[in-house]
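These numbers come from the heavy atoms of this one structure, side chains and all, not from hydrogens, waters or symmetry mates.
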Amino acid sequence: MAEIDGKIVDALARVSQAFRVLLRNEGKSNALSPIQIQILIFLLFQSGERSKVIALARHFDLTKATVSDSIKSLAQKCLVEKYVDAADVRSYMIVLTGRGRELALKSAGFASAIEEPLDILSPMQKEIIFTGLLQLIRQFHLAGIISIQQMCFTCSHYDHLGSGHYCKLLKSGLADKELKLDCADHQLSL
Ligand code: SF4
């Protein structure tokens with residue numbers, strides 16, 4: 001491994017540590033675990049199929065049993081409610097209650113302590129870091145380290161446009177900064 005590779009791995013571990021610390025602190029102040037906080041924030045932006053236990057387990061790379069335990073605990077705290085899917089009575093969708101939504105909105109800013117320092121980077125530096133991270137996430141997925149990511153680089157609608165990017169669904173070129181990490185229209189590329 002080249003020296004720079006080891007330093008990148010070390011740097012990624014430290015960024016990950018920063019997220020863990022912030023999530024833990026956010027959870028502590030609300031008597032919730034880090035994953036419970038993440039589920040609440042996730043549900044702010046997801047509904048339907050994407051709010052089912054199986055989708056949550058896939059997104060967070062956890063077992064369905066672990067997610068179900070967290071949902072049970074959140075429901076006991078009146079932060080989420082379950083609705084049986086009329087099209088498939090064996091599964092249910094999870095929806096934030098009013099209190100859960102309030103808490104999720106407040107907690108969604110937990111990463112602002114990381115976002116603010118990004119201001120020291122130029123727009124070009126941000127794009128280089130962003131596309132580099134997307135490539136890494138894709139490789140982690142291909143290596144089986146993390147599950148399917150709803151991102152452009154694993155999407156059947158994605159194509160190259162010269163040295164750039166193109167979405168066949170949107171019929172539009174995508175600048176580096178427009179590449180998506182979590183797209184609702186994602187179709188897994190086989
Ligand atoms: S559908 Fe979404 S994830 Fe797929 S290429 Fe288009 S923008 Fe990217």
Side-chain angles (χ1 to χ4, degrees), residues 1-16 18-20 23 35 38-64 67 85 87-88 91 93-96 104 108-112 114-190:
M1 185 191 283
E3 193 184 352
I4 185 75
D5 293 358
K7 288 181 178 173
I8 290 172
V9 171
D10 195 18
L12 287 174
R14 283 163 203 244
V15 172
S16 163
F19 266 95
R20 277 202 308 275
L23 263 176
I35 186 59
Q38 284 179 291
I39 288 174
L40 288 181
I41 296 171
F42 183 77
L43 290 173
L44 266 180
F45 307 102
Q46 311 296 337
S47 58
E49 290 296 316
R50 300 254 292 154
S51 70
K52 290 184 175 181
V53 168
I54 191 162
L56 288 163
R58 198 181 299 132
H59 182 81
F60 292 109
D61 269 308
L62 294 169
T63 64
K64 285 199 282 178
V67 171
D85 182 358
D88 177 7
S91 66
M93 292 165 209
I94 305 139
V95 180
L96 292 170
F110 85 93
S112 59
I114 290 180
E115 281 172 19
E116 281 160 25
L118 291 179
D119 284 345
I120 61 162
L121 301 173
S122 70
M124 185 175 281
Q125 283 175 315
K126 287 181 187 177
E127 282 195 29
I128 291 169
I129 291 173
F130 178 56
T131 50
L133 287 173
L134 288 182
Q135 294 287 4
L136 272 182
I137 293 166
R138 176 170 183 262
Q139 292 307 320
F140 291 155
H141 163 60
L142 291 176
I145 299 168
I146 54 174
S147 59
I148 299 161
Q149 302 299 305
Q150 314 267 111
M151 61 193 290
C152 291
F153 290 162
T154 62
C155 180
S156 61
H157 298 306
Y158 175 80
D159 211 347
H160 293 283
L161 182 66
S163 59
H165 321 281
Y166 185 76
C167 174
K168 291 181 272 186
L169 183 74
L170 300 174
K171 297 187 174 36
S172 167
L174 298 169
D176 284 348
K177 65 182 178 190
E178 291 171 325
L179 287 168
K180 301 219 177 150
L181 186 54
D182 196 16
C183 176
D185 296 316
H186 178 271
Q187 286 287 332
L188 182 64
S189 154
L190 298 173

### Message
Are the side chains of Tyr158 and Met151 in contact, using a 4.5 Å heavy-atom criterion?
### Response
no
#### Entry: Over 12 non-hydrogen atoms of neighbours within 6.0 angstrom of NZ in Lys64
no
### Task
Could you tell me how the ring of His165 sits relative to the ring of Phe153: parallel (under 30°), tilted (30 to 60°) or perpendicular (over 60°)?
tilted
### Message
Do Gln125 and Ile128 have side chains that approach each other closer than 4.5 Å (heavy atoms only, starting at C-beta)?
### Response
no
### Query
If you take all heavy atoms of Ile114 and Pro117, which pair is closest and at what distance?
O-CD, 3.1 Å
## Note on the structure
CG of Leu188 to NE2 of His157, rounded to nearest 0.5 Å, is 11.0 Å
### Task
Kindly indicate whether the side chain of Ser51, heavy atoms from C-beta on, has any atom under 4.5 Å from the side chain of Leu43.
yes
### Task
First locate atom CD of Gln46, then atom CD1 of Ile41, and finally report the distance between them rounded to the nearest 0.5 Å.
12.5 Å
### Task
To the nearest 0.5 Å, tell me how far Lys168 NZ sits from Asp159 CG.
5.0 Å
### Summary
In terms of heavy-atom contacts, Arg58 and Ser147 come closest through O-OG, 2.8 Å
### Query
Taking the side chain as C-beta and beyond, is there a heavy-atom pair between Leu174 and Lys180 under 4.5 Å?
no
### Query
Can His141 and Ile137 be said to form a side chain to side chain contact (heavy atoms under 4.5 Å, CB included), step by step?
CA-CA 6 Å; His141 163 60; Ile137 293 166; 5.7 Å; no
### Query
Between Ile35 and Phe60, is a side chain to side chain contact (heavy atoms under 4.5 Å, CB included) present by the stated rule, with each step listed?
CA-CA 9 Å; Ile35 186 59; Phe60 292 109; 3.8 Å; yes
### Message
Does any part of the side chain of Glu178, heavy atoms only, come nearer than 4.5 Å to the side chain of Leu170, both counted from C-beta?
### Response
no
### Task
Check whether any side-chain heavy atom of Asp119 sits under 4.5 Å from a side-chain heavy atom of Lys126, and report yes or no.
yes
### Query
Atom CG in Asp176, atom CD1 in Ile129: separation rounded to 0.5 Å?
13.0 Å
### Query
Between Phe42 and Leu56, is any pair of side-chain heavy atoms under 4.5 Å apart?
yes
### Side chain to side chain, Phe130 and Leu179, heavy atoms closer than 4.5 Å
yes
### Point-to-point distance, once rounded to the nearest 0.5 Å, from CG of Leu161 to SG of Cys167
11.5 Å
### Query
So, does Ser16 use its side chain to make a donor-acceptor pair with the main chain of Leu12 at under 3.5 Å?
no
### Query
How many angstroms lie between CG in Asp182 and SG in Cys152, if you round to the nearest 0.5 Å?
11.0 Å
### Query
Is it true that atom CD1 of Ile54 has more than 12 heavy atoms of other residues, nucleotides or ligands lying nearer than 6.0 Å?
no
